[in-house]
Asks: 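Have a look at this one before I ask anything.
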Amino acid sequence: MKLLFGNLKFSKESVKTKFYLFYLLYFIVSALVVTAVKRQDFKTCEQSSFCKRNRAYADKLTANHSLISPYSVIQDSIIIKDGIISGDLINSENNLIFIFELHLLEIGAARIRINEKNPLKPRYDKAKDWALIQDPSYTLEYTLIPSKPDVTSLSFGKERKQAVSIYHSPFRVEFLVNDVPIITLNDRGFLNIEHLRKQDAPGLVDQSNSENDQVIEDENDLDKGLWKETFNGKEDSKPNGPESIGLDISFPGFSHVYGIPEHASSLSLKETRGGDDSYSDPYRLYNLDVFEYEVDNPMALYGSIPFMMAHRKGASAAVLWLNAAETWIDITKNKEDKHRLSSLLGFGKLTPTSTSTHWISESGVIDVFAFLGPTTSDIFYQYGLLTGFTALPQSFAIAYHQCRWNYLNQEDVAEVDESFDKYDIPYDVIWLDIEHTDGKKYFTWDTVKFPTPEKMQTNIGIKGRKMVTIVDPHIKIDDNYYIYKEAKDLDLFVKEPDGRIYDGWCWPGSSSWVDFTNPSAQEWLIKKFAFDQYKGSTEHLFTWNDMNEPSIFSGPEITMPKDLIHHGGWEHRNLHNLYGIAYHSATSKGLINRSNPPRRPFVLSRAFFAGSQRYGAIWTGDNFAKWDHLAIATPMLLTIGISGLPFSGADVGGFFGNPDTELLVRWYQAGAFQPFFRAHAHIDTKRREPWLFGDPYTGYIRDIIRERYALLPLWYTLFHEASTTGMPIIRPMFTVYPEDEETYAMDDQFFVGNSLLVKPIVNEGQTSTEVYFPGNEIFYDYFTLKKVQGSGKVQIEAPINKIPVFLRGGNIIPKRQRIRRSSAAMRTDPFTLLVALDKFGKATGSLYLDDGETYDYEKGHFIHLQFTFSKRKLISKSLSVLNNDENLYAQSISSVRVEKIIVLGLDLKPKHIFADCIDCSKNSKRELQFGLPTTNLANAVIIKGTDLLITEEWVIEFS
Ligand SMILES: *[C@@H]1O[C@H](CO)[C@@H](O)[C@H](O)[C@H]1NC(C)=O
Ligand SMILES: *[C@@H]1O[C@H](CO)[C@@H](O)[C@H](O)[C@H]1NC(C)=O
């Protein structure tokens, strides 16, 4: 979080004079510029010397077609062994030698690694240790394809449908599926590895263009930031000199690419050079605390996942650029290769647009994974096998969260908690921000405001609710603070280049930062969450990691100086984007480890990297109570979700500023369909708990929160699916309709799973909207259950009390419709099945449930049911063992019924409905009572009061 401009009152009462002066200066400077994002706080590519050099290199090659990449394979150096193809490359401009390895992986992907053969010292190569769950296994299923002497080609995979060709001179790698190229590396020759060197040694080829040379005046520009650079008066000493890497990755025939979160940008990524609607800077990946971020912008935000997916009719492909240093990605689209590609792809007269991308990182090695699909769900699975699937959360974590900076004291907490009951609004978790601590010393309590934290948590816990406190990574420098003292004594802090402990400014004033990339720091933090260590914590308490980019008010770009030193002597620049995941990982493990037997953790993090899905949820940081911020939440969350991190949300209501009631209601409606559903607000904003607005608005908010609770069985089932297959929870249209080009850039409507089509209303005063219904399928209005008339683009009414949500024919969704005050109170509630038939009178669905807390599901304690409707029969079959003493969960809900079944779209009205059990010896066939609604546009049949058990297999016949 960040202070708003002019918030001097807060600073005065809570921080020391030095800090106050710092802020006073900060505000004076801020006041001089226009509000919104302070762009001048953050670098452009032009201001980041390695980005500028690599862009200039690309420009040079693009401008002159007779220039080619100087990298080529040294003759006869290629060795093929056990799924690895390796060889040496030479750069003809400086005769330096590099090694490359191409790994053919069992998961249906390939990996290419390029490093200096004899670097002066090792280059950083540990991003993989954080992102990957293990070193992936190589496939032995490959065949050498006879080809020209200067090309090495292999096909691989069981059916040999995937292939790779390595072109020797210049070095170029092409991945093919069914003989069609889908990913090429160094196609445009932008491969560039700045080798490590001594400062006085020659060898760097001047790659900047002459136009730039003319404006070079001062010392920094003259050495082009090779050995040091300065930004906003802050110097980055660069003792290792230039060490950047760059490579172009092309997706021939693909006009849409997606991914590389986090940016406040569209789902289908925009061009960053040359196009009509082009950004001027590349997309940047560098975890930063960007104050009041702007929408439609490629600027870096809080998290980084260097994963990009491309999709077109019949094919999907993706890459992971495994690097944790500052990274920039240029995107251009071109039609140059249209003739060659058209014939290859059989497009006939169509002219495919190819997308080319240029990846530039400040340091490290080239380590790229190519996922070959061929479908988007194959890629989600392949990526999940590599970086881990999302952790199955506790069930409370997917319910509604109430947060603000800050709930003032225990009385305030009790009153908010009681008010939810009084106004009959369900909620699960109340959050405490930084003010709950003693002077922003995390793991402590302000004993005046929160004298009995255990009692407070117990009072919440009795109702099945939880509490979350914030635990940030900046540690107040204070020898009387046990956390500081321990970390200092154990030598866990990040250091200055001269070996002193780094000291920067953050919430507590002068602070230091623990180096969580140090295994000892991981182990230390894990222990700090033990109940006897974190005083005042109970099993009802969970954790929020904020400011873990890390955010440092006094640092360059409000983060850590790049020349600080981490464990192993590595400079911060190498691993910046790992700081957040390292902190998130230790916190999450701490919460698991504090209980015996272990319980599932809940940790919300602001910073993230590839692999963060294994540790918990993330949110999109400090958004604004404005309509455009509500609108951008959808593409941002869809993008994060397809990048392997499905458990995410945007603060409901907007963090900064005061939403009016219309915006707040619309935000709750959108938030109820985000995987992580939390309201949050800045300390300067007016209180905005749902009951403060009066009816009808409070009622609208109550209704949509209740709808979230009714759908929790569906959400939980989708989380289970994500945790086993990598499928996103909310899904872009193109992943559900991969053949429908109309959907490829669509990012204002989306699916929850495959069944609910949602279109949030994101414009002031809007009461109707156009919704796209693909595929000539049947859709039903989720709230009225009426059939949607028409397909394609249809105008839909959306009065203030209604978010457009549609049930897609062909789906069965499980609901729980009893109104309760928390999700815990719903554990043994009966179910409703909503069956929406498609054109063929068919539908399928599933339900996964377990105790929602422990890891007992790993031992078989869960239910997983498959529902199918076909030929006028609805069948519930179990995908697991139900009637077994080993399934304690099934036992615990053995008396839970399916109380209601609603079938939409039956062609003929049933005369009788019979239920029977499956594979049971007794003759148990009986007739069920049913009703037909009076306004029955969707031919609905409603069966109420059945005696069917959720833990039994049964069949219902509509005769
Ligand atoms: C293009 O590059 C070639 C090879 O280096 C060089 O001979 C030629 O002069 C360049 N052309 C231009 C227009 O710079
Ligand atoms: C986690 O808990 C286990 C069992 O209680 C203990 O042996 C282990 O040391 C703990 N790990 C850490 C890092 O504290």
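Computed from a predicted structure; not experimentally measured. Just so you know, ligand 1 is whichever comes first in the structure, and atom 1 is the first atom listed for that ligand.
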Asks: Check Lys238, Lys234, Arg53 against Glu229 for a salt bridge (Lys or Arg N to Asp or Glu O under 4.0 Å) and give me the one that passes.
Replies: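 Among Lys238, Lys234, Arg53, the one that satisfies the salt bridge (Lys or Arg N to Asp or Glu O under 4.0 Å) with Glu229 is Lys238.
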Asks: Salt-bridged, Lys128 to Asp135, with N to O below 4.0 Å?
Replies: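 No, Lys128 and Asp135 are not salt-bridged.
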Asks: Select all protein residues for which some heavy-atom-to-ligand 1 distance is less than 4.0 Å, and list them by chain and number.
Replies: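 Residues near ligand 1: Asn64, Ser66, Leu67.
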Asks: Would you check if there is a donor-acceptor pair between the side chains of Thr559 and Asn287 at a distance under 3.5 Å?
Replies: no
Asks: Which pairs with one or both residues in residues 259-275 pass salt bridge (Lys or Arg N to Asp or Glu O under 4.0 Å), sequence neighbours excluded?
Replies: Asp59-Arg273, Lys270-Asp277, Lys270-Asp296
Asks: Scan side-chain atoms only and decide if Thr143 and Arg160 contain a donor-acceptor pair under the 3.5 Å cut-off.
Replies: yes
Asks: Side-chain donor-acceptor pair under 3.5 Å between Asn232 and Gln40, yes or no?
Replies: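 On atom types as modelled, these side chains do not qualify, holding no pair under 3.5 Å.
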